[in-house]
Amino acid sequence: MALLQPKHRDFAAFYLVPLLCGGLAGQVWGDENSDIFDLPLEELMQIQITSATKAPLALRDIAASVTLITREDIARYGYLSLEELLMNVPGFYHVDNFEDYLLGVRGTTGGSIAFLINGVQQHPTRIKGLSIPDRSRMNIPLQSIDRIEIIRGPAAVIYGNNAFSGSINIVTNGQGGSSEILALGAGDNNRQQAFLRSGVKGDDFSARLNLGSEQNDGIGGKFSNLMSAEQLADMDPAMRDDLHGSLQQRNLNAELNGHYKELEFNLRYSQMQYGFYAISPSFHDGNDLHLNSWLGNLGFVHQLNNAWQSHTSLTLSHEHYQFTPDFVFDDISGYQRQGARRMEAEQSFNYKADNKFSLVAGINYRQLFAVRNRAYFPDVGFDVDAQSEDVSSMGIFSDVKYSLNNNWDMVAGYRLSQISQYHVVKHLSPADVTYEYPQRTDHVYRTALIYHYDEQNQLKIMYANALQDNSAVELNEPEETTAAEINYLYVQGAQTFSLSVFNHEVEYLKRRTVRLVGSDLVAEVDNSGEWQNRGVELMYGYRPDRHLTAELSGTSQRTLDIAADNVAVGNSPAHLFKGKLSYAWADWSSSATLAYVSEMKADYSVAEADNSVTRLGDNVPAYWLLGANMRYQQNKQPWFLNLHIYNLTDTIVRYPANELVDFEQGATGRRREVLFSAGLEF
């Protein structure tokens with residue numbers, strides 16, 4: 001029998017409506033942008049950000065959906081982590097299956113998002129020969145964040161391959177924010193947090209140091225609540241019967257950023273240690289994973305004249321992953337080590353002489369080197385060492401915005417990339433296997449029309465594509481998405497309303513075929529997968545004054561595997577609902593968040609002979625997550641107190657099974673957690 005196994009990605013979402021997702025506080029907690037909360041909503045649409053096009057552009061003029069989250073919003077809602085913050089962004093959800101953390105947008109997970117800090121793209125998580133987990137993106141202390149810019153939709157024209165679903169830019173170098181912060185937090189589940197910010201500022205110089213550490217015991221639970229009776233019966237009696245303490249997390253983040261005249265610098269070090277589940281229960285303390293990364297960036301911004309600006313950037317980064325096993329059988333020995341280094345240089349130019357025409361154009365060079373993945377488990381006879389030659393890519397890109405008249409704007413962008421020829425060698429027994437990849441040329445584009453009926457009504461029509469490299473070495477041809485969307489936006493007084501209709505076609509998905517030949521399993525990989533994602537999204541926001549804010553959003557979608565006779569894909573909720581409410585008075589602020597995620601099906605295999613589908617586990621039920629926060633800070637006083645409750649109703653959340661974590665009943669999420677924190681902000 002032949003099985004066809006899809007490898008899921010996040011093909012989602014091209015989300016066009018500009019939405020300010022900012023909480024409005026009664027106090028100003030060191031937010032450099034605190035004055036924006038006194039602006040009418042129409043004027044808020046004129047706030048400029050750079051991560052959408054690498055040039056300053058007003059929110060209403062960006063041909064994509066923008067969610068802007070401010071420092072004051074983070075303070076008002078008091079989230080436990082960046083993970084919880086993203087769970088409450090409209091259209092977003094997540095799947096945490098104990099092995100990996102997947103961020104989903106509008107009904108699909110796994111598609112790469114360009115992840116930036118201060119406009120600098122971080123080390124890529126999906127590169128040839130490696131499968132570094134996406135969880136590494138979550139190690140950023142919330143107290144260090146001055147602003148988050150979330151751009152939905154293919155961002156490949158600006159950022160190249162693997163900006164499949166958009167970009168997230170986290171700003172930690174805001175020039176007007178608090179320069180000194182000390183914050184401590186403690187709660188149940190052994191959660192402890194500590195953060196320190198210190199900075200200096202002169203006429204033409206600034207520097208800011210952010211240091212944060214965090215630990216918790218992770219997700220717990222008994223295997224009897226996760227596995228079927230058959231799975232429980234197959235367990236070795238010496239194995240643990242629960243997860244408690246085996247999924248612990250210990251994280252450290254250090255960052256130094258600043259500028260001197262026209263020179264900008266960013267240095268970041270991240271150290272993560274956490275447990276994860278894969279294949280079988282553990283015997284002792286669980287599988288242990290160490291993930292270390294560092295990044296250094298220098299940028300030079302120079303105003304050539306009134307119309308032209310030059311931006312030069314050089315980035316070096318490194319990521320190293322080491323896994324020590326505790327599964328399959330007692331006292332197993334061995335390890336898996338993955339690592340890669342990156343060097344990237346970019347020169348871009350921005351042109352804007354008036355409000356009618358603007359241009360961004362540039363050239364980018366990236367090289368991945370020292371790419372290696374070694375898995376050595378001698379007790380089970382497994383020893384694979386995959387090493388890749390240096391992989392270079394050269395890209396030229398441009399993005400143009402032109403106002404046809406007072407009502408119509410046109411946007412067009414194009415990127416041409418060339419990836420070098422290279423080899424990957426897998427050292428196996430009894431003989432090595434060499435994969436040869438020819439030189440490849442990629443083309444991506446985006447087009448949009450923006451119709452401004454008046455100051456309150458706006459219509460956007462967009463069409464774009466993006467490419468995503470496969471995470472394994474067996475394939476060279478990238479996965480591709482094409483996305484189309486129509487969005488209507490209404491902004492008037494204290495209210496905003498938006499309606500989006502979207503359609504995404506995804507082709508060349510990586511699929512693995514496993515055939516039984518005699519007594520051996522033979523695996524083959526191809527790009528035969530094809531998905532279709534269609535849906536509608538509504539959003540409503542109400543902000544009568546700086547004390548009260550309310551936000552509601554809902555997404556309804558359906559994602560089908562066209563290549564498997566239109567079967568519904570796994571990890572794909574048909575409906576998402578988000579609600580946020582906050583109110584500030586005197587020295588107090590209170591808030592509540594509500595997130596609903598509908599039922600999800602498990603991952604699946606497809607019989608090649610008749611396209612019949614076999615799910616790897618049961619459907620997991622829909623769930624509601626309720627969060628609550630209370631903050632106290634006297635006016636003009638530096639100290640604050642904060643009480644946050646995650647999953648207030650102690651809801652049991654489940655995530656679908658996959659190949660490595662095949663719990664039939666689904667993995668479970670975090671239960672109720674209470675965090676108390678106190679700090680000083682100057």
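Remark: Q121 CD to I158 CD1 distance equals 11.5 Å, nearest 0.5 Å. Considering CG of L103 and OH of Y93, their distance stands at 9.0 Å, rounded to 0.5 Å.
In this structure, W294 has its ring center no closer than 6.0 Å to that of Y269. Taking the ring centroids of F577 and H575, they lie at or beyond the 6.0 Å cut-off.
Residues passing the side-chain hydrogen bond (donor to acceptor under 3.5 Å, both in side chains) test with T447, sequence neighbours excluded: none. Not counting sequence neighbours, the partners of Y655 by the ring pair (Phe, Tyr, Trp, His ring centres under 6.0 Å) test are H94. The salt bridge (charged side-chain N to carboxylate O under 4.0 Å, His left out) check on K578 picks up nothing, with sequence neighbours excluded. For S270, the side-chain hydrogen bond (donor to acceptor under 3.5 Å, both in side chains) criterion is met by N139, not counting sequence neighbours. With sequence neighbours left out, the ring pair (Phe, Tyr, Trp, His ring centres under 6.0 Å) criterion links Y451 to W408.
Side-chain contact check for N257 and E255: at least one donor-acceptor pair (N or O, by modelled atom type) lies under 3.5 Å. For R268 and N253, the side-chain atoms include at least one donor-acceptor pair closer than 3.5 Å. A donor and an acceptor atom, one from each side chain of Q347 and S310, are located under 3.5 Å apart. Side-chain contact check for N118 and T172: at least one donor-acceptor pair (N or O, by modelled atom type) lies under 3.5 Å.
E507 places none of its side-chain heavy atoms less than 4.5 Å from the side chain of T482. Side-chain contact check for Q367 versus M394: every heavy-atom pair is 4.5 Å or farther apart. In this structure, the side chains of N465 and Y445 come closer than 4.5 Å at one or more pairs of heavy atoms. The shortest side-chain heavy-atom distance between Q557 and N533 falls under the 4.5 Å cut-off. By the 4.5 Å heavy-atom criterion applied to side chains, H452 and D409 are counted as neighbours. Within the 4.5 Å cutoff, no side-chain heavy atoms of L489 are placed close to those of K460.
Annotation: salt bridge (Lys or Arg N to Asp or Glu O under 4.0 Å) contacts involving residues 353-367, sequence neighbours excluded, comprise E344-R366.
When the shell of 6.0 Å around CG of N406 is examined, it contains 12 or fewer heavy atoms from other residues, nucleotides or ligands. Within a 6.0 Å radius of CG in N405, other residues, nucleotides and ligands contribute more than 12 heavy atoms.
Formation of a donor-acceptor pair under 3.5 Å by the S348 side chain with backbone atoms of G362 is not found in this model.
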